[in-house]
There are 2 protein chains.
Amino acid sequence: MSIQDAPSLSLHCGDCPIRHRAVCARCEVDELQHLEEVKYYRSFEAGQTVTWAGDKMDFVASVVSGIATLTQTMEDGRTQMVGLLLPSDFVGRPGRETAAYNVTATTDLLMCCFRKQPFEDLMLRTPHVAQRLLEMTLDELDAAREWMLLLGRKTAREKIASLVAIIARRDASLKLRSPQGRMAFDLPLTREAMADYLGLTLETVSRQISALKRDGVIELQGKRHVTIPDFDRLLTEAGDDNDGGYLA
Amino acid sequence: MSIQDAPSLSLHCGDCPIRHRAVCARCEVDELQHLEEVKYYRSFEAGQTVTWAGDKMDFVASVVSGIATLTQTMEDGRTQMVGLLLPSDFVGRPGRETAAYNVTATTDLLMCCFRKQPFEDLMLRTPHVAQRLLEMTLDELDAAREWMLLLGRKTAREKIASLVAIIARRDASLKLRSPQGRMAFDLPLTREAMADYLGLTLETVSRQISALKRDGVIELQGKRHVTIPDFDRLLTEAGDDNDGGYLA
DNA sequence: ACAGAACCTTGACCCAAATCAAAAGCAGTC
DNA sequence: GACTGCTTTTGATTTGGGTCAAGGTTCTGT
C-alpha cells in the first residue's frame with residue numbers, strides 16, 4: 001500500500017508525528033497552516049474520560065497515539081461501544097454544542113485538538129477541508145453499517161473473528177502494509193471492552209477466543225498478543241467477503 | 001414544531017412536493033437552481049430494486065414519496081437492514097462509483113435524482129450544499145450508532161417498541177407535528193422487513209407485537225395500522241431516554 | 001517477596017429468541 | 001366462490017449465549 005493509498009486523515013499537519021505528516025501529502029498544506037494557531041495537544045491516561053455524553057464540547061480532535069472508545073449507555077447500565085478511535089481517527093462534530101457519546105481513553109492517549117469555532121470558520125473558508133471531512137464521515141457511516149450487520153446477524157464466533165480482523169487491518173494500515181498472510185499485534189482492548197463492542201458478555205468473548213485458539217485460527221502469546229497464521233482463514237471465520245475494506 | 005425546526009432536506013427545490021419546498025426555507029434557493037437542469041424523477045413499484053450492492057451508481061437521490069430500505073447481506077443469505085429511507089431522506093455517496101448496499105422499494109416509490117457528476121460539481125462550487133450534506137451525514141451516523149445500541153443491547157420487546165417509536169416520530173415529523181400523546185399511522189414494513197431491521201426473526205417480531213398489543217402499549221387495526229395511546233409509555237418500553245431526538 | 005486488585009478463564013445452569021411446524025387471514029384473479 | 005400465493009399468528013421444541021459462581025493469572029505498589 002503506497003502512502004497515496006493509505007487511509008488519510010488530512011487534518012494533521014505541522015509537528016504531528018511522521019505518519020500523519022506523510023498522509024498530509026494528499027492535502028493542501030497551506031490551507032491547514034491556518035489551524036496551527038488554534039491547535040493544541042491533550043494527553044490522557046489509560047482509563048480517563050475524554051468527554052461524557054451531554055457535556056459541553058468545544059473542540060474537535062484527532063487521535064495522535066493511543067486508543068479511545070466511543071460508548072453509549074442505557075439508564076440501567078447496559079453499554080454499547082459505537083466506535084473505536086485509533087491513531088488518525090477524528091472525533092467531534094462541527095455544528096454541535098455537546099458530546100453525544102462517552103469518549104474514554106483505553107490506553108494512554110494523545111489527541112490533537114482544535115477549538116471548534118476556528119475550525120468551523122476554516123471549514124467555511126476552505127471547501128477542501130469540508131470535503132475531506134464529508135469523505136471521512138461517510139467512511140465512518142459505512143463502518144457503522146458494517147457493524148450493524150455484525151451486531152444483528154453474526155454469531156459470537158464470527159463477531160470475535162471480525163473484531164480481530166478489523167484490529168489486524170488497522171494495525172497493518174498504521175504500518176503502511178496490507179493485511180494478509182501471517183500477522184502479529186496486540187489487542188488494545190480488555191475482554192469487557194470487546195464484549196461492549198460486540199454486544200456480548202465478557203464470558204462469551206473469553207470462551208470464543210479460547211475456541212478460536214483451540215481451532216488454530218489465532219495464536220495467543222499471553223492474554224493480549226495475537227498472531228494470525230492465515231488472514232484469509234480469519235476472514236472466512238468472520239463471515240466476511242474476503243475483499244471487505246471497511247476500517248473501523 | 002415550526003417549519004424552521006423541521007428536519008430539513010434542503011436539496012429539494014423547484015417543483016418538488018410542498019413539504020420539501022417548505023423546508024427549503026432554510027437554504028439559499030438560488031444556489032439550488034443550478035441543479036434544476038440535471039434533476040429528474042424515477043419511480044419504482046413496491047418490491048422493485050433501486051440498486052444492488054456493487055452496481056455502478058451514477059446518481060444521488062432523495063425520496064419524494066414512498067419508502068425504501070437499505071440492506072446488507074452475507075453470502076449465506078442472512079440480511080440486515082442498515083437504513084430506512086422515508087420521504088426527504090437522501091441516498092448515494094458523492095465520490096463513490098458503486099452502490100454499497102441494496103436499495104429496495106417497499107412501497108411505490110418516487111425519487112428525485114441528480115446525476116452524480118453535476119451534483120459533485122455543484123458541491124465544489126457551493127460550500128453551503130456541502131455543509132448541508134455533511135450535517136445530514138452526521139445525523140445519519142448518529143442514527144446508525146443509536147441503532148448499534150439497539151442491535152447490541154436491547155431485548156426483542158425493546159427493539160419492537162423502539163422501531164414503532166421511530167416510525168411514529170418520522171410520521172409526526174412529516175406532518176410537521178411533534179410526537180406525543182395519542183398517535184396513529186401505518187407500519188410501512190412487513191414483519192420480515194422489521195425482523196431484518198431489528199436483527200430478529202419474523203416470528204419473534206410477530207410475537208412481540210402481539211405482546212405489546214396485549215399489554216396495551218399499542219393498538220392494532222388490521223395488521224398494519226397502529227394507534228399509540230401514550231407515546232411516553234412507548235418510549236419507556238423502548239428503553240429510551242424520553243428526550244431522544246434521533247430520527248431514522 | 002507479598003498483598004491486593006484487576007483481568008481472564010472455565011464450569012454449571014438457565015432463558016430469550018431461534019427454529020421447526022402448522023394453520024389462519026387476506027388479496028387477487030379466474 | 002374457491003383457488004393461489006402471499007403475510008401473519010401461534011405452538012412446540014431446541015439452542016446459543018447469558019447468568020451465576022469459583023478459580024487462576026498478571027500487574028502494581030509496598
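We name chains A, B, ... by the order of the sequence lines, and we start the count at 1 in each one.
Residue-level contact check: A:R157 touches neither bases nor backbone, having no heavy atom under 4.0 Å from any strand. At a threshold of 4.0 angstrom between heavy atoms, the contacts of B:L200 are confined to the sugar-phosphate backbone, with no base atom among them.
What separates CG of A:L220 from C1' of D:dG24 is a distance of 16 Å, to the nearest Å. The CG atom of B:L202 sits 11 Å away from the C1' atom of C:dA18 (whole-angstrom rounding). Atom CZ in B:R214 sits about 13 Å away from atom P in D:dT9, given to the nearest Å. Put simply, NZ on B:K154 is 18 Å from C1' on C:dA17, counting in whole angstrom units. One atom, CZ of B:R191, and another, P of C:dG25, lie 15 Å apart when rounded to the nearest Å. Nucleotide C:dT9 holds its P atom 10 Å from the CD1 atom of A:I160, rounded to whole Å. Distance, B:K159 NZ to C:dA16 C1': 11 Å, rounded to whole Å. Atom NE2 of B:H225 is separated from atom P of D:dT8 by 16 Å (rounded to the nearest Å).
Nearest-nucleotide positions on DNA chain C place A:S210 closer to the 5' end than the other of A:R153 and A:S210. Checking A:S206 against B:T204, the closest nucleotide of DNA chain C that is more toward the 5' end is the one next to A:S206. Looking at which nucleotide of DNA chain D each of A:G199 and A:K223 is closest to, the 5′-most match is held by A:G199.
In this structure, A:R224 reaches the C:dC8 phosphate: one of its side-chain N or O atoms is under 4.0 Å from OP1 or OP2. One finds no side-chain N or O of A:R207 lying less than 4.0 angstrom from the OP1 or OP2 phosphate oxygen of C:dT10.
Here the CZ-CD1 distance, from B:R214 to B:I209, works out to 13.0 Å after rounding to the nearest 0.5 Å. Remark: B:C113 SG to B:M57 CE distance equals 8.0 Å, nearest 0.5 Å.
Judged by the 6.0 Å and 45° rule, A:R42 forms a cation-pi pair with A:F59.
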Show, in sequence, the C-alpha distance, side-chain angles and deciding distance for A:Q221 and A:T227, and conclude whether the side chain to side chain donor-acceptor pair (under 3.5 Å) test is met. CA-CA 8 Å; A:Q221 291 80 42; A:T227 307; 3.0 Å; yes
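Out of D:dA21, D:dT8, D:dG17, the shortest distance to the side chain of A:E203 is found at D:dA21. If you check C:dA18, C:dA17, D:dT19 against the side chain of A:T201, the one that comes closest is D:dT19.
Note: B:Y101 and B:W52 fail the aromatic proximity criterion, with ring centroids not under 6.0 Å apart.
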